[in-house]
Number of protein chains: 2
Amino acid sequence: MFKLSKKADYGLIAVKHLAMHRQEHACSANEIADEYGISVTLMAKVLQRLAREGVVVAKHGSTGGYQLAKDPGQVSALDVISAIDGPVLITSCVTSHGNCETTERCSVREPLRRVNESILGVLSTVTIAQMSEDTNERALVALSGPMRSGSHMSSS
Amino acid sequence: MFKLSKKADYGLIAVKHLAMHRQEHACSANEIADEYGISVTLMAKVLQRLAREGVVVAKHGSTGGYQLAKDPGQVSALDVISAIDGPVLITSCVTSHGNCETTERCSVREPLRRVNESILGVLSTVTIAQMSEDTNERALVALSGPMRSGSHMSSS
DNA sequence: GCAAGTCCGACTAAATTAGTCTTATTATAA
DNA sequence: TTATAATAAGACTAATTTAGTCGGACTTGC
């Protein structure tokens with residue numbers, strides 16, 4: 001399809017959570033997973049991947065957990081997504097070395113490469129800090145009423 | 001991941017081919033698949049999907065084949081992709097009715113929805129006509145030399 | 001030193017996607 | 001009218017990707 005993997009999704013949730021508890025203690029995978037009703041082991045897996053890629057830092061031991069490695073304003077959604085899923089490429093053809101078997105005859109490659117860069121641009125623009133701000137707004141709205149339908153129509 | 005499906009890829013190739021042979025006879029699935037070295041049956045499957053969605057029109061019979069339903073300038077990459085893969089949604093949460101189990105607690109939904117719309121915007125901007133133009137440029141360049149590496153660095 | 005709690009990496013299972021095969025339908029051409 | 005060449009559609013298999021699990025290693029605190 002054209003979808004973010006669930007892991008990347010969880011990764012964004014986790015990183016956002018860490019951003020909002022930045023000044024406090026390190027958050028364990030257990031704590032985060034519990035808060036959002038996600039499988040603990042799966043969340044742990046996502047976090048350790050983020051740690052390996054340097055997005056978060058892990059602290060071992062009984063009081064351990066994870067913390068953001070950088071300032072929330074310095075971490076983009078693209079950083080998180082590509083840390084978990086690898087480089088964002090909308091087609092296999094787009095990769096630097098990648099030539100699919102259709103190679104020279106395939107003329108959609110160049111236009112798609114341009115589209116790919118646009119998407120990278122969008123994703124790298126959005127920072128964790130922005131996503132956290134947005135959360136606060138929504139939380140306030142949620143307090144004033146349930147607000148189910150309406151207010152968001154997708155342009156299909 | 002975050003990748004276009006192969007079928008969508010093939011769909012774009014096929015539609016582009018049809019755009020470039022617009023004034024001529026209808027192109028059969030066999031002809032297109034052969035030209036790009038793709039499995040005939042798979043290409044047929046992709047084309048019949050595009051026909052069902054109204055992107056191309058099918059002509060039965062011995063001199064039959066496929067033709068573009070609209071002007072190449074009126075068909076966007078998004079039209080082709082969503083015809084084959086369904087609506088483009090970067091997360092399952094983004095859908096109109098869709099509430100993942102994390103529902104209210106998940107605060108990444110709104111920011112991601114915005115990102116999703118940006119991507120839709122990019123994809124709907126690119127038309128088949130543009131992609132065909134681009135092809136012609138590349139063909140000319142290909143004549144003057146192999147040109148392998150260089151000229152495109154991805155921002156990773 | 002010992003125990004509790006955490007991270008880490010390899011492994012297995014499930015779901016999605018890619019691709020194939022077969023049969024039916026349609027329209028042209030002889 | 002009959003043969004031929006094309007699309008249409010569905011079931012089916014295989015491969016890849018993604019989701020989720022398990023046991024081991026490490027660090028802290030008692």
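Within every chain, numbering begins at 1; the chains are lettered A, B, ... in the order of the sequence lines, protein sequences first and strands thereafter.
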Rounded to whole Å, please give me the gap between [atom1] in [X] and [atom2] in [N].
| X | N | atom1 | atom2 | result |
| --- | --- | --- | --- | --- |
| A:R49 | C:dA10 | CZ | C1' | 13 Å |
| A:K59 | C:dT6 | NZ | C1' | 11 Å |
| A:N30 | C:dC8 | CG | C1' | 16 Å |
| B:E31 | D:dA6 | CD | P | 10 Å |
| A:L47 | C:dC8 | CG | P | 9 Å |
| B:Y36 | C:dG19 | OH | P | 17 Å |
| A:I84 | D:dG20 | CD1 | P | 14 Å |
| B:Y10 | C:dT17 | OH | P | 16 Å |

Requested in this report: Give B:A44 one of three labels, base, sugar-phosphate or nothing, depending on what nucleic acid heavy atoms sit under 4.0 Å from its own.
Outcome: nothing

Nearest listed nucleotide, side chain of [X], among [options]:
| X | options | answer |
| --- | --- | --- |
| A:L42 | D:dA8, D:dG29, D:dA19 | D:dA19 |
| B:A58 | D:dT7, C:dC8, D:dT28 | D:dT7 |
| A:K7 | C:dG19, D:dT7, D:dA19 | D:dA19 |
| B:S39 | C:dT20, C:dC7, D:dA8 | C:dT20 |
| B:R52 | C:dC8, D:dA5, D:dA9 | D:dA9 |
| A:Y66 | D:dT7, C:dC8, D:dA9 | C:dC8 |
| B:S5 | D:dA19, C:dG19, C:dT17 | C:dT17 |
| A:T63 | D:dT28, D:dT7, D:dA19 | D:dT28 |
| A:T41 | C:dC21, D:dA5, D:dT21 | D:dT21 |

Requested in this report: Determine yes or no for a side-chain-to-main-chain donor-acceptor pair under 3.5 angstrom, with B:D79 supplying the side chain and B:S76 the backbone.
Outcome: yes

Query raised in the report: Among A:I128, A:L50, A:I84, whose side chain to side chain contact (heavy atoms under 4.5 Å, CB included) with A:V55 holds?
Result: A:L50

Do the side chains of [Y] and [X] get nearer than 4.5 Å, heavy atoms only?
| X | Y | result |
| --- | --- | --- |
| B:R49 | B:K45 | no |
| B:D71 | B:R22 | yes |
| B:L12 | B:L4 | yes |

Report task. Would you kindly compare A:A8 and A:G61 by the position of their nearest DNA chain D nucleotide and give the one closer to the 5′ end? Result -> A:A8

Query - Position toward the 5' end of DNA chain C (nearest nucleotide), A:H60 or A:K45 - result: A:H60

